[in-house]
Each structure stands twice: as structure tokens, then as C-alpha cells.
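To find a chain, count down the sequence lines: A is the first, B the second, and so on, and within it residues start at 1. Model, not experiment: these values are computed from the prediction.
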Amino acid sequence: MLNIVLRPHRTSLMAGTADSQKLFAMLKMLPDSETAGARAPLAFALVIDTSGSMREYADQQKAQQEIKLLGLQGQQQSSDGSDYQGFNLQQTTKLDQAIEAAHKLVDDSRLLPTDKVTVIHFDTEAATLVPLTAVSQRQILHQAIDSLRDHSGQTFMAKGMACAQQQLCDLPNETAKRVVLLTDGATQQEGQCRHLAGAFAETNTPVIAIGIGPEYKEELLKDLSATSQGRPYHLENMGQLRDILDCEVGSSVREVITDLQAKVAHVKGVSLNSCTRVFPSLSEVSSESQPFRLGNIAAGDYTVFILEFTVEGLARPASRVRIAQVSLAGSIPGLGKHEDFAPQDLFVTFTNDEAAVAAVDPEVLGYVQQKNVDNLVQKAMGQATVNAGQAKQTLQVALGMTQRIGNAAMTKVLNNALEELNKSGTISAGTRKTVALGGRTKTVKTGSALPMEGMPSEDDIHKITGV
Amino acid sequence: MTEPTPSEIDNSQFELEELSESVQLPASPEPLVAGTSLETPDFPLRIDGFLGSKGVANLYEGTLPDNRRVLLRETQDAGNADLMHHEFEVLGASKSPMFPKAFACWDTNGRTYLATEPVAGSTLGDALKSKELTPAQLVSVFTQVAYALCQLHSQGWLHLAIRPTVIVLSKPIRVLDLDHATRMGEKPPAPFYFAGYSAPELLADGAIDARADIYSVGALLFHAMSGYPIAESGPMLTGWQPETPIAGVPQILHKCLGPLETRYATMAELHQDLVRLVRRCAPRVRYECVSATTIGLEPTRTVNQDAYGFSCVQSEAEDGSRAWTVATVADGMGGMAAGEVASAAAVNTVLTEATAALAASPNLSAEEQAQMTADWVRKANDKVCDAMEAKQARGGCTLVCAFVLDKRLTIAHVGDSRIYLIRDGSIQTLTRDHSVVMGLVMQGQLDISQLRTYPDRSNVTRSLGERKNLPGHYVDTLVQTTENESMELRAGDTLLLCSDGLWEPIVEQIVVDVLAETAPNMGAAADKLIALVLQNGAPDNATVSLLRIDETPQTQAKV
């Protein structure tokens with residue numbers, strides 16, 4: 001059903017010492033070919049910000065140029081408590097482009113007729129414009145999407161999230177659910193948003209939190225996606241929205257195991273510090289209680305988690321010890337099964353041979369380093385507002401690591417941020433959001449590991465899933 | 001939302017049953033007995049004893065034909081044999097006394113042997129655990145490590161496994177474990193990583209250069225200053241607070257542990273900065289010099305024929321620091337103004353010569369320093385002779401000269417003026433009077449206690465100004481009283497230079513008591529001594545110069 005590899009970053013630890021030693025374990029999973037061909041039914045909740053600012057032209061620079069060229073005079077308008085200069089241009093607004101992307105999602109040929117979509121708007125109020133409706137009834141969905149234009153107001157994102165929760169909460173766990181949340185502003189009631197993200201996590205509903213512009217709070221979107229095992233995105237321009245939704249549909253249709261949960265047991269002298277998904281995107285797993293909810297697993301490529309252990313307090317003799325055991329369970333809705341997968345033991349050799357302790361697994365460490373890069377990047381973004389010099393040093397360390405890992409996309413993001421920091425002594429809100437959120441979706445596979453046993457080839461996957 | 005910290009994660013309900021098995025140790029060969037003789041390709045080698053097994057290798061102590069001791073390793077494991085040949089190749093190339101010497105590596109009867117110099121002793125790892133070394137001592141160790149790696153790099157090899165347990169704290173330090181040594185610009189054959197000390201680029205694909213070893217030396221420095229090694233997640237230097245802040249260390253750490261392009265390009269650059277850091281860590285010597293003189297109370301002495309002078313220099317720059325002091329006292333003799341002219345000429349000559357000589361040659365060996373001090377006195381003699389000739393007078397002077405270079409003392413003297421060393425409440429005479437009465441004491445004809453009351457006590461047997469080109473034995477140094485040409489002073493030592501007008505009425509214990517009473521006020525001590533001279537009738541001119549040595553602590557806290 002699910003190929004699982006649990007491998008430590010080094011197979012040996014020092015014997016005869018109670019000093020603290022770190023051990024990172026890679027939990028790498030790949031659905032086998034039988035499972036890969038049986039995807040889960042999908043349900044999307046499109047939660048779209050219809051506040052007044054979404055009516056701004058998507059390309060502000062182009063809009064300014066047209067106004068200047070035509071010598072237009074704006075009309076004073078008030079909306080949502082703010083004043084605007086209204087112009088009538090032949091250009092699209094942010095809302096126009098969001099609507100267009102939503103239409104494309106509904107029309108995506110990878111969606112099955114039985115997959116469902118609900119469309120929800122939020123501004124000062126929120127409403128479900130169309131409840132969960134099968135994709136086979138596209139016209140109803142398209143009409144609801146067009147009606148997004150009929151709304152305007154301030155930004156109360158929690159109300160929209162609450163509508164989405166209402167729509168999705170009664171769906172069985174076997175359904176792969178997603179909330180696609182788009183906003184351009186700072187919302188009221190942030191605490192309520194976070195609470196709802198916790199509720200989504202409980203029902204295995206990842207939030208794909210997409211922000212555009214300088215106003216929204218990237219920390220909030222990061223937290224919403226992390227809590228729910230979703231993904232955050234920062235749009236530098238609305239044109240990226242279509243690609244993101246395309247990518248999210250692509251990953252959704254490949255999800256074949258839903259609501260994967262892990263129990264991690266360990267021996268005395270060992271403690272589990274964290275569990276983090278590092279590929280295909282990076283997100284901390286909430287470790288408030290076990291079992292840990294690891295989200296959904298897609299076919300066709302690995303899903304990788306890193307578990308961080310500390311071994312201390314007990315001086316062990318030279319011996320081979322099982323220090324932990326990971327037990328996984330999840331649903332395979334396409335096969336109508338709920339499976340408890342075979343427990344994975346994590347063995348380590350305690351030795352006095354320093355050279356053995358130094359032998360490391362580069363693949364595992366590559367993922368660990370990507371986790372570390374994210375830590376550095378988040379730290380640097382925090383430093384950027386108070387101490388540009390420290391932020392620069394932290395970013396340089398992160399840059400060095402991404403270069404060594406061979407993550408070209410993240411290297412480019414960090415280079416841009418450093419360039420801006422060097423030139424202006426600060427990092428703009430837009431760059432900060434790009435770096436803080438963008439890095440989490442830019443992790444790469446590491447090491448030259450042998451393919452997992454039973455791994456389907458690319459052709460096999462294409463034949464099975466049509467993707 | 002904030003993530004719970006690791007300590008908050010409730011792990012108690014998920015305790016796992018212990019499941020462990022003893023490790024099957026790989027087989028090492030059947031050990032050879034003591035007395036066995038082995039034939040290396042070039043010479044025989046005798047096994048003296050079996051030390052035990054380490055992994056797949058046996059360890060022996062042995063002896064070469066020239067009675068040099070060896071550490072012999074023996075294996076029949078192919079992988080370990082390759083490592084031994086590799087180590088032999090690297091040690092052979094290193095040519096540095098800071099790595100163990102490799103004598104032979106050969107294969108015979110299915111076994112491989114490696115004979116190297118045995119290196120034993122406590123390691124840097126032991127020292128960091130016990131916290132027995134001061135920061136200055138630790139930096140000195142790292143400077144030596146950097147120097148050893150410079151030599152290894154110059155032969156085209158990188159060490160790549162530098163960590164505290166492979167640095168033996170001998171003099172000089174020795175660096176062990178070249179198993180992972182790699183040719184510069186190449187990639188290590190297998191991935192490895194010593195947590196806390198290995199450079200992060202070791203985990204990536206790609207060639208490795210000197211900056212990997214530079215990182216490791218920086219990691220040692222980080223551990224020493226922090227009290228803990230770098231976390232496996234990497235060094236976080238921003239906002240880092242060391243246990244003992246030492247100026248210059250953060251700068252070096254950033255150039256060792258930062259991204260590749262920000263690191264030192266060569267180990268030589270790091271070594272240079274560590275040398276500067278050693279200098280900065282070393283305590284700085286400080287001098288305090290005061291003098292006092294009196295014409296005395298004898299009505300017939302209408303001129304003070306004593307003279308004194310001192311010169312203190314202290315400078316510090318990036319290329320190093322300098323500190324030296326020259327103090328001198330002269331007691332003139334002879335009528336017609338000869339005495340005061342002679343003493344002035346002598347003192348001025350010494351100070352002029354000293355200033356010029358030390359500007360030209362700031363770094364001197366002990367031997368050079370002793371020679372220089374004696375030369376100044378000889379030149380002073382020539383100047384005094386010239387001065388007497390110019391005055392057409394007969395006269396001269398005694399002369400004592402103390403030269404302290406950093407904390408190293410050399411002296412030169414002629415006559416019966418004296419130099420004392422006061423240390424920890426006791427007093428030592430560093431000069432032996434060139435006088436008739438001292439001659440009688442030396443011959444055993446007079447007791448030393450009678451020296452101050454003997455009738456002809458003022459008759460000197462040697463003085464400056466009698467003739468030019470003094471014979472070799474004429475100028476005394478420290479050798480006559482200590483058998484060494486120099487002496488290392490300590491913080492808190494005081495030198496006292498004086499004419500007989502002071503030492504004659506003031507016995508040594510009084511000097512010690514006055515210094516103790518007036519400490520730390522040297523000026524008050526000098527004034528009190530002169531006051532005591534006057535209280536005792538002061539039949540002669542009297543002069544005292546006090547020179548105290550102190551140190552300003554740079555970094556003395558234990559790390």
C-alpha cells in the first residue's frame with residue numbers, strides 16, 4: 001500500500017556518554033502502484049476575499065501609465081470606509097483575475113465529475129455563494145463564481161473560513177478536502193482564523209493560504225497553513241494565481257492516502273522534539289498531542305518528514321538499540337480501506353568509534369538542512385525589521401546552505417532579498433512575504449538515493465493517474 | 001500560533017519497550033606475542049607489548065633498531081588496510097613535527113601494518129571538559145593547530161576531521177587522525193560529518209578546499225568560548241553571547257564559520273589573526289618608576305654628585321606591543337665639579353644609547369639584552385672619560401643600570417651603587433659592590449655585618465672614568481649574583497636602584513618595611529626612604545630609584 005522508509009541521519013551514536021546527542025530521522029513515503037491508481041474524491045472550498053481593495057487594478061503600474069497617457073480624471077469614491085479615486089480602464093482588477101482563475105479550476109479536466117467545489121466570499125460579511133456541488137454541474141459553479149463581483153466590504157476572513165468549515169465538516173475523512181483561501185488585506189479577528197485552522201486540521205483539511213499585496217499579514221497565513229498541513233503562497237502578481245491553483249489541483253488529484261496519522265514511541269533517554277514535513281513543501285506538524293496528523297499523501301513522488309530526536313541522560317554501552325518506533329495509519333478512499341501500516345523501528349548503534357559516529361546519510365541531512373534554512377529565513381525576516389545587519393548575516397548563512405543543497409529556486413529568492421537589503425538597507429513587505437512564505441513551497445529532493453522498492457516509474461504514474 | 005517547545009511535548013505515554021542487542025565487534029587478527037620481530041621493507045621492528053584492539057586493528061608498542069619507540073597497528077580488514085596506507089601517505093607528506101612521524105607501512109602474510117610515532121597525553125577534548133585552560137592558553141593551542149594545518153595544506157592535503165579529541169596538548173601540540181585527509185580540491189570518498197566541527201559543505205557534492213579546515217578551527221574556537229560545541233543545525237553567530245567576551249574573537253569566528261565566500265581564503269590568514277589574538281590575550285606589562293634624591297646634610301657637600309634617570313616606553317599596535325624600561329643611578333666622585341659632571345654624563349649616555357638601540361632593534365634575545373646593557377655602561381665610561389679630559393679633572397662615578405624588556409631583567413654595574421629586588425616581602429641584592437670592604441668580605445676577612453661600619457667602606461675598586469676600553473670583566477652583570485645573565489620578573493616585583501648614600505644608613509629590612517607601609521604609593525616610598533636617610537644624618541648624597549612591574553590582565557578567566 002505505502003512504501004515507507006525510516007532512516008536516521010547517522011546510524012551510530014557515541015556509547016558511554018549521557019551528553020546530549022541529536023538524531024534526525026527521515027520518514028519517506030511513496031504509495032505503491034496499486035494505491036497510486038486509486039485516488040480520493042476531492043472537495044474544494046474556494047474562499048475569496050471580495051473586500052473593496054480587491055477591486056484595485058491588478059497591475060497598478062500599468063494602470064498608472066494608462067491614466068497618465070489618457071489624461072484621465074478619477075472620480076472620488078468611498079468603499080469599505082476608505083476613499084478611492086475611481087477610473088474606468090480596460091484592465092482587469094484583482095477580483096477579475098481571481099474569478100478567472102476560479103473558472104479555470106472548475107474547468108480543470110483533471111477533476112472528476114464527482115469531485116465537488118463550493119464557492120464562498122468574504123468581506124464585511126461572508127456567504128456561501130454555492131454549496132458543495134459536483135463538478136459535473138459546472139454551470140452552477142461558474143454562475144456562483146461570477147457573482148463574486150456583486151460583493152464588497154471590509155475584510156473578515158474568519159467569517160469566510162467558518163462558511164467553508166460548515167460546507168466541509170460533514171464530509172467523510174476519506175474525501176481529500178482543501179480550502180483555497182485568497183486575500184489581499186489585513187483581516188479582523190485573527191484569533192478566530194487561527195482557531196478555525198485548528199478545526200480544519202482536526203478534519204484533515206489543508207488550507208492553501210494565498211496572499212497578494214502588502215497589506216495582508218504573512219505570519220497569519222503561514223500559521224493557518226502550518227496548522228492545517230497546507231501551504232502558504234505570496235503572489236507577486238495575480239498572474240501567478242492560475243499557476244498556483246493549477247499546481248494545487250495537480251497535487252490534489254494525486255492524493256491517494258488521506259488523513260495519515262503517526263504515533264511515535266521511544267525508549268528512555270530519548271525524546272522527540274519535532275516533526276516537520278519537508279517535501280514536497282515545508283510545514284511543521286502540530287505536536288501538541290499524538291497521534292500526529294501528517295495530512296494526505298500523494299502518489300507519484302515522495303512525501304518526506306523529518307523527526308528530530310534528542311538522545312541524552314543515559315550512558316549506553318556499545319550496543320544496537322531500537323530507540324523509536326513509528327506507527328502509521330491512514331485511509332485509502334479509492335480502495336475503500338483504512339490501513340494500519342507496519343510499524344517502522346528506528347535502530348541505532350552505540351559505539352566508541354568516532355569515525356562510525358561521523359558517517360552520515362547525505363540524503364537525510366539534505367532534508368534536515370532545508371528545515372534549518374526555513375528556520376534561518378523566518379529568523380532573518382524577523383530581524384529585518386529591527387537589525388538589517390543581523391538579517392543580512394542570517395540570510396547569507398541560509399543562502400550558503402541552499403546553494404550547497406542545490407535549491408536553485410530558493411537561492412534566487414534569497415539572492416533577491418540580499419540584493420534589496422544591500423541596496424536599501426531594508427527588506428520591503430513584498431520581498432519579506434515572498435521569502436517567508438515562498439521558501440516553504442520550494443523545497444527539493446536531496447541526495448542521490450536509490451529509488452524506493454516498488455517505486456512506479458514516471459510512465460507508470462502517468463498511465464495510472466493520467467497526470 | 002506558537003509551537004510548544006520540545007520540553008512541552010508529552011512523550012510519557014509513548015514509551016517504548018527496550019530492545020537492544022550487543023554489537024558484534026568486527027574481528028581483529030590474533031595478536032602477536034611480545035618479542036616478535038617484524039621485517040618492514042627497510043628495517044626490523046620488535047614488538048614489545050600488545051596494547052589491545054581498536055575496531056578491526058590490533059595495537060602494539062614496539063621499538064626500532066635505533067631504540068625509538070613506535071606505535072604499531074595491525075589489521076587484516078581490507079578497508080582498514082586502505083585507511084592505514086592512506087594515513088601513511090599523508091603523514092609522509094606532512095613533514096611537520098606537529099603530526100606523528102610515520103615510519104613504515106607494509107603488507108605481509110595477509111596483514112597490513114602501520115608503524116608511527118606514539119603520541120600520548122591529554123587532549124583538547126579533556127581540557128574543554130575540565131575547563132582547566134585560560135582563554136589565552138586555548139587561543140595559543142588553536143594558533144598551533146592552524147600552523148600545523150598550514151603545513152599540511154602546503155603539501156596539498158586537507159585534514160577534514162579536526163575536533164578536540166584529535167589535538168594532543170603537548171609542546172608543541174600534535175594533531176592526530178588523518179584517516180579522512182583528502183587532497184585539496186577533491187571530494188572525500190565517503191560522506192562523513194563530525195557534529196559540531198565539520199564544515200557544512202562536507203555534506204554537499206563537490207570539491208573541498210582549505211576553508212573546510214578553517215571552519216573546523218573556528219568551530220574549536222566557538223566551543224572554547226561558548227562552553228559547548230556548535231549545534232548540529234549550524235552556528236548561530238548573530239546575537240551570540242560567549243561565556244567570556246574576548247575582543248577579536250567574534251571577528252575571527254565570522255570569518256571561519258560564515259558562508260564560504262566570507263571565510264578566510266587560506267589557513268595562513270587565519271593563523272595570522274590567531275597570532276594577533278594571542279598577543280591581545282596576553283597580559284600587558286606596566287611599569288611605574290619614581291626617583292628621589294637628596295644632597296644630604298654634610299655641610300661640605302655643596303653639590304649633589306648623584307644622578308639618576310629612567311626611560312619607559314610602552315606602545316601597542318596591530319603588529320605587536322613593546323614595553324621596556326631602563327633605569328640608572330650614578331654616584332659621582334672627585335672634586336672640581338668632576339663628580340657631578342661624570343654622573344650626569346654616565347646617566348645621559350645610558351639613556352641616549354638605550355633609546356637609539358631599542359628603536360633600531362626592538363626584539364632581543366636574553367643574550368643580546370645582557371650584552372647591550374653592558375655595552376651601554378662601557379659607552380658611558382667612554383663618555384665620562386671624555387668629560388673628565390675636557391674638564392682636565394680627575395673624577396668618575398659609579399653606575400648601576402637596570403634594563404627590563406617586557407618582564408626580562410638584565411643589569412650592568414660598576415662601583416658600589418646597588419640594585420635590589422623586592423619580591424613578596426623579601427629583598428635580594430642583585431649587585432656585588434666593587435669596594436675594598438666588599439673585597440674583604442669576599443675574602444672572608446670581614447663579616448658582612450661590619451660592611452656598613454668599616455672605616456674605608458667608601459673606597460671603590462672600580463669606577464667609570466679612569467680609563468677607556470674597559471676590560472671584559474670590569475662591568476658586572478646578573479651572572480655574578482645569580483649565575484644567569486637575565487632574570488624573569490613577575491607582576492608585583494620592585495627594583496630599587498640606589499647610591500651608597502641610601503643603602504649605607506638604611507638596612508635592607510627597612511626598605512622592605514617602607515615599601516610595605518606605603519604600598520601602593522611608590523612616590524611615598526621613595527620620599528620616606530630619603531626622609532629616613534636624612535633622619536640618619538645623611539652624610540652623603542643619596543639617591544633612590546624605584547621601578548615596579550605590574551600586569552594589566554587581558555583575559556584571565558578560565559573558559
Any carboxylate oxygen within less than 4.0 angstrom of a Lys/Arg side-chain nitrogen, looking at A:Lys268 and B:Glu17?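 No salt bridge links A:Lys268 with B:Glu17.
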
May I ask you to decide whether A:Glu354 forms a salt bridge with B:Arg163, counting only side-chain N to carboxylate O separations under 4.0 Å? yes

NE2 (A:His195) with more than 12 external heavy atoms under 6.0 Å: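 12 or below, so no.
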
For the [atom1] atom of [X] and the [atom2] atom of [Y], what is their distance to the nearest 0.5 Å?
{"X": "B:Lys54", "Y": "A:Asp353", "atom1": "NZ", "atom2": "CG", "answer": "7.5 Å"}
{"X": "B:Glu18", "Y": "A:Leu314", "atom1": "CD", "atom2": "CG", "answer": "7.0 Å"}
{"X": "A:Arg10", "Y": "B:Phe192", "atom1": "CZ", "atom2": "CZ", "answer": "14.0 Å"}

How about [X] and [Y]: do any of their side-chain heavy atoms sit closer than 4.5 Å?
{"X": "A:Gln393", "Y": "B:His254", "value": "yes"}
{"X": "B:Pro200", "Y": "A:Met401", "value": "no"}
{"X": "B:Glu261", "Y": "A:Gln396", "value": "no"}

Give the member of [options] that has the highest number of heavy-atom pairs under 4.5 Å with chain B.
{"options": "A:Asn387, A:Val321, A:Val360", "answer": "A:Val360"}
{"options": "A:Glu219, A:Lys371, A:Glu308, A:Arg316", "answer": "A:Arg316"}
{"options": "A:Ala358, A:Gly400, A:Ala356", "answer": "A:Ala358"}

Options B:Thr165, B:Asp179, B:Thr262, B:Leu260, ranked by heavy-atom pairs under 4.5 Å with chain A, top entry: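 It is B:Thr165.
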
Chain B contact via A:Ile405 - side chain, backbone, both or neither, heavy atoms under 4.5 Å: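 Answer is neither: A:Ile405 stays 4.5 Å or more from chain B.
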
Side chain, backbone, both or neither: which part of A:Ala398 has a heavy atom under 4.5 Å from chain B? neither

Using the test side chain to side chain contact (heavy atoms under 4.5 Å, CB included), find all partners of A:Gln261 that sit at least two apart in sequence or belong to another chain. A:Asp259, A:Pro291, A:Arg293

Taking ring pair (Phe, Tyr, Trp, His ring centres under 6.0 Å) as the test, write out the residues that go with B:Tyr60, two or more places apart.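 Residues passing ring pair (Phe, Tyr, Trp, His ring centres under 6.0 Å) with B:Tyr60: B:Phe50.
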
